[in-house]
Structure formats: C-alpha cells, structure tokens
Asker: 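Sharing a structure with you now.
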Amino acid sequence: MWFILKLFIFQVLGILFVGAIQSQASVHHTFVVEETPYVRLCSTKNILTVNGLFPGPTLHVHKGDTIIVDVYNKGNHNITIHWHGVRQPRYPWSDGPEYITQCPIQPGGRFRQKIIFSIEEGTLWWHAHSKWWRDTVHGAIIIYPKHGTSYPFPLPHAEVPIILGEWWKKDILEIYDEALQTGGAPNVSDAFSINGQPGDLYPCSKPDTFKLKVDVGKTYLLRLVNAAVQEILFFAVAKHNLIVVGTDGSYTKPLETSYVAISPGQTFDVLLKANEQPDHYYMAARVYSGPSAVAFDNTTTTAVVHYSGNYTPSSPPSLPYLPYYNDTNAELSFTRSLRSLADKNHPIKVPTNITKKMFFTISVNTFPCPNNSCEGPNRTRLATSINNISFVNPSIDILQAYYYHINGVFGTRFPDFPPLIFNFTAEDLPLYLETPKRGTKVKILDYNATVEIVFQGTNLVGGNDHPMHLHGFSFFVVGSGLGNFDKDKDPLGYNLVDPPLQNTIAVPLNGWTTIRFKASNPGVWFMHCHFDRHMTWGMDMAFVVKNGKGPKAHIIPPPPDMPPC
C-alpha cells in the first residue's frame, strides 16, 4: 500500500515537473518510428526508420538548450531512443537504454523525452538502444556554441553530417535472432555506407552515391559519426588532409591527419579545406579489425567530393590511402594524438585526487551449450563479460527499481577487480577461464567521487578491440598501451594536462586504456561495449551514483508517462 501511495505522489510531482519544462522548452520534435521500404544493393527491404528517413533527422541545438522529443512507436517491435553523449544532468529518465533507465516503448506507445544539453558542444548523435535497431534508427546531433559565442576555429563555409553505417541485405532482426539462436558470431554486413548510401564500388549504388559539392579555397566542417553496428572504421578523403577539431561533443587541439580512426559510437569534428585542383575525389571508409580472427566486411564505402567549376573530372575519382585492416599502429597512433583544447575559454579539470580506483577486465567468453550444439568455438555459445560477469537484462528497468526501492531486480556488488589475476594477454590461456558468471549487478558510487577505471583487454577466445561507452558522463582518456597494464610504470606516462574528453574509447586488442571522471551526475548510468554483438552477449554493467547533499544534487523526479514494463 505504501509503495502504491509513494508511486502516486511521484507521478503527481512528475506531472507538475513536466508541465514546468513544457512551458520553458522552446523546441519540440516528433519522432515517428515506423517501417519504410528502402532500396540498396539491387534489392528492397523494409527497415525501421524515424520519420521515414535513413539516416534519421539531424537535431540542431545550442549549448545549454533543453528540447522535447515525442517518440511514437508505429513499428511492430519494442524500441527505445538514446541520446548518445548527452550528459542529461540529474535526469536519467530519458537516457534510453532498455531495461537500464526505462522499459521499451511498445508498438502503439509514446514516450515524451526531455533532452538536457549542458557542457556538450560539437557533434553527438542519437540512436535506438534496443536489440540492434540502431542499424537504421539513428541520426546526428549538432550542438552549436552558446548564443553570442563562436567556434574556437574560423567559421566554416558549410557544415555537413557524415554518418558511417552498415547495411545487411537480410533484415537486421533476422541477423540478431540467428546469432542468439546459434550462439555463434553474427553474419558480417554486406556493405558500409556514407549517409545511408554504399557508394560507387557496390552494385546498383553509383547513381545515389552521396556527393559533397565544394568551392576552391573554402573550408567545410564534416561532422563525422560512426553509426556502424559492429566495426571500427578508417576514414579519409583522397589527396586532402583533415584537421580534427573536436570529438564526442568536446573541442580538441587542431590535429592535422591523413585519416581518422573512428569507433562505433564516436564522433569527430573535422575540417576539410578545399585546396586541391578542381576534380572529383573519393571520401572513403573501410574496417579496422585488429590482428584477430574475427570475420569482418572487407568492402569499402565511398562518397564523392565534387569541386564546382568547368572541367573534365577524373574517372574514376582518386581513392584515398586507408591503413590496412589490421594496422594497430595506425589506429593507436591516431587515437593517442588527440588532445583537449584546454584553453581559457574551454578549460578542463582532470581528476587527480582519485577516491575510487577500479580495474575492469573486458573479455570475449563462452558458455557450454547443450549437446555441444552451438556455433561458437568448440561448439560453445559466445559470451562477453566485465570482470568475469556477463550482464543479464532484468525484466524491470534498473533505474525504476533503484528509485522506488524495488528489491530483487539487481545486485550491488559489482567487483572493483577481476576475481582471477592471470597473464591477460598470453597467447594460450586455459579453457576454464573462458566461462564467466551471469549476473545483473551495479556499482554504487558516492556523489562527487573521483573515479579511475583501467580497462584491460584479454586474449580469451582470441581477444578483440572493445569500444567502451559510458552514459551520463564524458571521461578523460589519460593513458593507453599494449600488453598487460603495469600499475607501477604505466601511470607515470598518464597525460593529466590535456587528455581528450570523450564518451566512447576503443580499448585495443590485448591492451589497456585508463579513464577518469567525476561522479557528479546522480542516477543510473549504463556502461557497455559499443559493438552490439558484445553488448548483447554481456559486456555491460551499470553505475548507480547516489544523491548528494542539497536538492541540486538529487535525481529529478520521473515524468508521468514512463513506458510500462
């Protein structure tokens, strides 16, 4: 009885709160999730879209804005929408990962989501966060500087979202279901894409290839998003260098480079100077997979940079140099070159007095399969884990269970360290290490705790790179390396002056990465690998950041229309 009364009180508060923010918010958007026929690679299939668009609509906001997005599910499957990299201070209710901060929006349902922009400035993105629907349900978010302020670089002539993706001829739900049923790796994609188009090198694709028209002498801001479901990508423009000026909604020191290495979930703000001979040039992307045995799509997606003017273009256009698919040095060299802008107008504060240290092993694993009938290694079922725990989704979302004190939904003893210490990157590891424990566990953090996490990749089941994403926070990437982390030597090389501020970082195959952040955002916040197969297999966990002192350090009450479980 007391729970029902408490729920009623919170709902009333939520109604009052939503009414208040409706009167304050200046911008409303409507997202209609629906199936739409699209033609790619010589065939037609129905895909899930937002407002019939693929990629979906781009959101334009200014730093510090709050917007409202009404999400209507007119599809045939459950759906959620996540605002990737948006901190959502004190308001996890609209963050979006299913069974973490909300139950999914059911077919015919609606959820009014409030998106609070705070410190972010640059490029982020939104995407579905249930099953693998983000394959086609995604779009860019452009966050301009506050009114009256400007970019920390010369104003570009134009700004263009460049969204990298994957395309399967089969329905993505079939790929997902088949992987779950067989226990093996999912089928690799049939194509990569730039702004939804595979490009000239694929069959039936040349007429619709994305084209960017440029004028000699002008500069263009490419807002680069990797929306691919399963792959890290190299990206480049033929005969042009790129200047990276931002990543994951935060500015960087200008970095001139011939290519970009971008993980699923990451964004980059990149300046392209049109300073070459007028012609047609390919921009292109292809996979980086690391020296592992994982199958991958080895095709190349292209778009065309088309200079204006009267001339006879080269045919075919020039292709850019892209590092080889297993060039780990190229991927690490680019990633390690990033630095926060860290100037007087964009100051940073890297946590130095760490109050909570954690060491997370991130592994590919296996579970035994009845009658050895699965398609994983040695007829097992593929799995993944963090600190040997393979995450299991609950039947009610963790945030609701935490907020309303509902017992039995999750455990609170997620370990700070792995249960076994071994040579994590050894070539041959005993098979008994491959089997993790299943569990739904969270890590409780005190409000304003200063947190350091060392992610250690392992060579279990052959290893892999792992793009780790943290909701509710951006973090400083203070160090990375290959091999086993050395707690005595490696911290001596940390960058505590101007490390990049990101929300997604690729932990290298058989390597480590250290991040730091301040737990100043109360609520429940998901952390997971942004390869969707790894997330589905269990490379997930959640942080619960407790309320602090004072009302401005507490979770804001929920809205009245949270989707039912």
Asker: Strictly distance-based, threshold 3.5 Å: is any side-chain N or O of Ser474 a donor or acceptor partner for the main-chain N or O of Gly85?
Answerer: no

Asker: If you take the centroid of each ring, where Trp contributes its six-membered ring, are Tyr403 and Trp93 closer together than 6.0 Å?
Answerer: yes

Asker: Where do Arg286 and Leu322 come nearest, in terms of heavy atoms and distance?
Answerer: NH2-O, 2.8 Å

Asker: What distance do Asn407 atom CG and His405 atom NE2 have between them, rounded to the nearest 0.5 Å?
Answerer: 9.5 Å

Asker: Are the aromatic rings of Tyr288 and Tyr259 close, with centres under 6.0 Å apart?
Answerer: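 So the answer is no for these two rings.
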
Asker: Measure across Pro351 and Arg516 and return the closest heavy-atom pair with its distance rounded to 0.1 Å.
Answerer: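 Looks like O-NH1, 2.8 Å.
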
Asker: Do Thr267 side-chain atoms and Thr123 backbone N/O form a donor-acceptor pair below 3.5 Å?
Answerer: yes

Asker: Using ring centroids (six-membered ring only for Trp), state whether His528 and His534 fall under 6.0 Å.
Answerer: no

Asker: Determine whether Leu501 and Asp248 make a side-chain contact, defined as any pair of heavy atoms from C-beta on separated by less than 4.5 Å.
Answerer: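 Heavy-atom side-chain distance check fails, nothing below 4.5 Å.
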
Asker: Is there side-chain contact between Tyr99 and Pro104, with at least one heavy-atom pair below 4.5 Å?
Answerer: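 Tyr99 vs Pro104: side chains touch.
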
Asker: Side chains of Thr366 and Pro377: closer than 4.5 Å at any heavy-atom pair?
Answerer: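 A side-chain contact under 4.5 Å exists here.
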
Asker: Would you say Trp126 and Phe31 make side-chain contact, with heavy atoms under 4.5 Å?
Answerer: yes

Asker: How many angstroms lie between CH2 in Trp83 and NE2 in His127, if you round to the nearest 0.5 Å?
Answerer: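 Here the rounded value is 10.5 Å.
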
Asker: Check whether any side-chain heavy atom of Leu420 sits under 4.5 Å from a side-chain heavy atom of Asn388, and report yes or no.
Answerer: no

Asker: So, taking the atom named OG1 in Thr514 and the one named CZ in Phe485, what distance separates them when rounded to the nearest 0.5 Å?
Answerer: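 Reported to 0.5 Å precision, the distance equals 4.5 Å.
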
Asker: Measure from NZ or CZ of Arg40 to the centre of the six-membered ring of Phe54 and say whether it is under 6.0 Å with the direction within 45° of the ring axis.
Answerer: no

Asker: Restricting to non-hydrogen atoms, name the atom on Ala284 and the atom on Thr300 that form the minimum distance, rounded to 0.1 Å.
Answerer: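 Ala284 and Thr300 have their closest heavy atoms at CB-CG2, 3.9 Å.
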
Asker: Within the 3.5 Å criterion, strictly below it, is a donor on Asn78 or Ser130 matched to an acceptor on the partner's side chain?
Answerer: no

Asker: Please check if the side chain of His469 supplies one atom and the backbone of Asn503 the other of a donor-acceptor pair under 3.5 Å.
Answerer: yes

Asker: Ignoring hydrogens and angles, tell me if any N or O in the side chain of Asn387 forms a donor-acceptor pair with the backbone of Phe359 under 3.5 Å.
Answerer: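 Yes, Asn387 side chain to Phe359 backbone: donor-acceptor pair under 3.5 Å.
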
Asker: Regarding Lys356 and Asp416, does a basic nitrogen lie under 4.0 Å from an acidic carboxylate oxygen?
Answerer: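 The answer is yes: the pair qualifies as a salt bridge.
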
Asker: Kindly indicate whether a cation-pi arrangement holds for Lys45 with Trp167, taking the cut-offs as under 6.0 Å to the six-membered ring centre and within 45° of the axis.
Answerer: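 Yes, a cation-pi geometry.
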
Asker: Kindly say whether the aromatic ring centers of His138 and His84 come within a distance under 6.0 Å.
Answerer: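 Here the rings of His84 and His138 have centres that are no less than 6.0 Å from each other.
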
Asker: Between Thr49 and Glu35 (side chain of the first, backbone of the second, donor and acceptor by atom type, cut-off under 3.5 Å), is there such a pair?
Answerer: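 Checked: no pair found.
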
Asker: Taking the side chain as every heavy atom from C-beta outward, state whether Thr101 and Phe526 have any atom pair closer than 4.5 Å.
Answerer: no

Asker: For the residue pair Val478 and Leu496, what are the closest heavy atoms and their distance?
Answerer: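 Heavy-atom minimum between the residues: CG1-CD2, 4.0 Å.
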
Asker: Is the side chain of Asn195 donor-acceptor paired with the backbone N or O of Pro161 at a distance under 3.5 Å, no angle test?
Answerer: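 Yes, because the side chain of Asn195 sits within donor-acceptor range (under 3.5 Å) of the backbone of Pro161.
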
Asker: If you measure from CG on Asn484 to OG1 on Thr425, what distance do you get to the nearest 0.5 Å?
Answerer: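 Separation between the atoms: 3.5 Å.
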
Asker: Under a plain distance cut-off of 3.5 Å, with no hydrogens placed, do Thr299 and Asp297 share a side-chain donor-acceptor pair?
Answerer: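 Present: a donor and an acceptor within the cut-off.
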
Asker: Is there side-chain contact between Phe360 and Met468, with at least one heavy-atom pair below 4.5 Å?
Answerer: no

Asker: Is a donor on one side and an acceptor on the other found under 3.5 Å between the side chain of Thr328 and the backbone of Gly290?
Answerer: no

Asker: To the nearest 0.5 Å, what is the distance between CD1 on Ile515 and CG on Leu470?
Answerer: 6.0 Å

Asker: Say whether, by atom type as modelled, one donor and one acceptor occur between the side chain of Glu120 and the main chain of Arg87 under 3.5 angstrom.
Answerer: yes

Asker: Could you walk me through whether Asn187 and Lys170 pass the side chain to side chain contact (heavy atoms under 4.5 Å, CB included) check?
Answerer: CA-CA 10 Å; Asn187 291 345; Lys170 292 176 65 175; 4.2 Å; yes

Asker: Indicate yes or no: at least one non-hydrogen side-chain atom of Asp95 is less than 4.5 angstrom from one of His82.
Answerer: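 Yes. Closest side-chain heavy atoms under 4.5 Å.
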
Asker: Just by distance, do the side chain of Arg381 and the backbone of Cys374 share a donor-acceptor pair under 3.5 Å?
Answerer: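 Side chain of Arg381 to backbone of Cys374, a donor-acceptor pair under 3.5 Å: no, none is there.
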
Asker: Does any N or O in the side chain of Asp327 come within less than 3.5 Å of the main-chain N or O of Glu331, such that one atom is a donor and the other an acceptor?
Answerer: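 Judged by distance alone, no pair lies under 3.5 Å.
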
Asker: Centre-to-centre under 6.0 Å for Phe517 and Trp525, is that the case here?
Answerer: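 Distance test on ring centres: not under 6.0 Å, no.
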
Asker: CD1/Ile232 to CZ/Phe296 distance, rounded to the nearest 0.5 angstrom?
Answerer: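 Taking CD1 in Ile232 and CZ in Phe296, the distance rounds to 12.0 Å.
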
